[in-house]
2 protein chains.
Amino acid sequence: MITSQMLKGILEGCILAVISQKESYGYEISQKLSEYGFGSISEGTIYPLLLRLEKNSRIIPAYRQSGSGPPRKYYSITPQGAAELESFISGYRELSSAVDRLFSEMEAEK
Amino acid sequence: MITSQMLKGILEGCILAVISQKESYGYEISQKLSEYGFGSISEGTIYPLLLRLEKNSRIIPAYRQSGSGPPRKYYSITPQGAAELESFISGYRELSSAVDRLFSEMEAEK
DNA sequence: CACCTCTATTTTGCATTGCAATATAGTAAG
DNA sequence: CTTACTATATTGCAATGCAAAATAGAGGTG
């Protein structure tokens, strides 16, 4: 199981990654993350995070009507957001490599 | 750069992994993590985390004298700690797979 | 002796961030 | 009218990494 603590610091970058592919809105992003295998990300997590990214100019919103339900708030990534995404990706790869080294040494020990 | 937020929820499992290989103490663990590539983990992070793990019976301490400096507090892993480590590893692999899927789709998009 | 460096642990208080719970609201089916 | 699905926002809480400071032993330098 993916614990909520493990998502910290990862989720923000992943949401930037989703938006960088194609503009999207909160509800759709949470569905996509679920499809990727992140598990169910709650509304209380996703909306405050999007508002924070918007406030820090990592993404910009555009309201559009929807055929089924209230209007959607589509976000697209800004140059600053793209820069942060790149920095997140390199940081994640660094961490991932470190964990892999640790795990493989641990496996060898057995 | 590995941000402090990215370490949340990862670090605890990694410290359990280090201890599972061989009993160790705070100062040595922080050096090992640095060697693995986690960057410099501060004392304010490592010692409270070890005390928490000890309190929850994931590890047990044993004081031993050291030739150079104050006595060391060696920790070894308990059965509960080993169980939590396994659960952490499987959760981490889940998360890692999800991120990989997301990244590879993002790369393909370019 | 005084001072510095390295080893080693502990504690306090703070900042970040995921989440449950709740509120609000539009569309459509029964 | 009720239920269900879509869609966003807010409040308050819990978990955890970290800076900073205190304490302490051993060895070397001036």
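Chain identifiers are assigned alphabetically (A, B, ...) following the order of the sequence lines, protein sequences preceding nucleic acid strands; residue numbering begins at 1 within each chain. Worth knowing before you read on, the calculation uses all heavy atoms, side chains too, and leaves out hydrogens, waters and symmetry mates.
Partners of A/Ser57 under the side-chain contact (heavy atoms from CB on, under 4.5 Å) rule, at least two apart in sequence or in another chain, are A/Gln80. In this structure A/Glu12 satisfies the side chain to side chain donor-acceptor pair (under 3.5 Å) test with no other residue, sequence neighbours excluded. For the side-chain contact (heavy atoms from CB on, under 4.5 Å) test, residues two or more places apart in sequence or in another chain that qualify with A/Ser68 are A/Ser66, A/Arg72. Qualifying side-chain contact (heavy atoms from CB on, under 4.5 Å) partners for B/Ser30, counting only residues two or more places apart in sequence or in other chains: B/Ile46. Taking B/Ser96 as the reference, nothing meets the side chain to side chain donor-acceptor pair (under 3.5 Å) condition, with sequence neighbours excluded. Residues passing the side chain to side chain donor-acceptor pair (under 3.5 Å) test with A/Ser4, sequence neighbours excluded: none.
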Between protein and nucleic acid, restricted to nucleotides 19-22 of chain D and to nitrogen or oxygen atoms under 3.5 Å apart, what atom pairs and distances do you find?
residue	atom	partner	partner atom	Å
D/dA21	N6	B/Glu43	OE1	3.1

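Counting to the nearest Å, the P atom of D/dG17 and the CG atom of B/Leu51 are 13 Å from each other. Atom CD in B/Gln5 sits about 10 Å away from atom C1' in D/dC18, given to the nearest Å. In this structure, the CE atom of B/Met6 is 12 Å from the P atom of D/dC18, given to the nearest Å. Atoms CG (A/Leu50) and P (D/dT10) sit 12 Å apart, rounded to a whole Å. Rounded to whole angstrom, the span from the CD atom of A/Glu54 across to the P atom of D/dT8 amounts to 12 Å. Computed from coordinates, the B/Ile15 CD1 to D/dT16 P distance equals 12 Å when rounded to whole Å. Straight-line distance from the CD atom of A/Glu28 to the C1' atom of D/dC5: 15 Å, rounded to whole Å. For the pair A/Ile59 CD1 and D/dT8 P, the interatomic distance rounds to 11 Å; values are reported in whole Å.
Listed pair A/Tyr47 / D/dA9 fails the phosphate criterion, with no side-chain N or O lying under 4.0 Å from OP1 or OP2. Listed pair A/Ser4 / D/dA15 fails the phosphate criterion, with no side-chain N or O lying under 4.0 Å from OP1 or OP2.
Against DNA chain D, the stretch residues 68-97 of chain B makes heavy-atom approaches under 4.0 Å through B/Gly69, B/Pro70.
For the residue pair B/Tyr74/B/Glu28, the side-chain donor-acceptor check at 3.5 Å is not satisfied.
When DNA chain C is scanned in the 5' to 3' direction for atoms under 4.0 Å from non-hydrogen atoms of chain A, the outermost contacting nucleotides are C/dT17 to C/dT27.
Of the possible polar contacts, none joining the B/Thr45 side chain to the B/Ile41 backbone as a donor-acceptor pair under 3.5 Å is found.
For residues 81-92 of chain A, the set of pairs meeting the salt bridge (charged side-chain N to carboxylate O under 4.0 Å, His left out) definition, not counting sequence neighbours, comprises A/Arg58-A/Glu84.
Residue contacts for B/Leu11: at a heavy-atom cut-off of 4.0 Å it reaches the sugar-phosphate backbone alone, with no base atom in range. Note on B/Ile46: nothing from the nucleic acid sits closer than 4.0 angstrom, heavy atoms only. Residue A/Leu49 is in sugar-phosphate contact alone, with no base atom involved, counting any heavy-atom pair closer than 4.0 Å across all strands shown. When heavy atoms are screened at a 4.0 angstrom cut-off, B/Tyr63 is found touching the sugar-phosphate backbone but no base atom.
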For residues 87-94 of chain A, tabulate all N or O donor-acceptor pairs below 3.5 Å that involve a side-chain atom, not counting sequence neighbours.
residue	atom	partner	partner atom	Å
A/Ser90	OG	A/Ser87	O	3.2
A/Glu94	OE1	B/Met1	N	3.1

Name every donor-acceptor pair, under 3.5 Å, that has one atom in a side chain of residues 47-54 of chain B and the other anywhere in the protein, sequence neighbours excluded.
residue	atom	partner	partner atom	Å
B/Tyr47	OH	B/Tyr27	N	3.4
B/Glu54	OE1	B/Lys73	NZ	3.3
B/Glu54	OE1	B/Tyr75	OH	3.2

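A side chain to side chain contact (heavy atoms under 4.5 Å, CB included) with B/Ile19 is found for exactly one of B/Ile29, B/Leu85, B/Thr78, namely B/Ile29.
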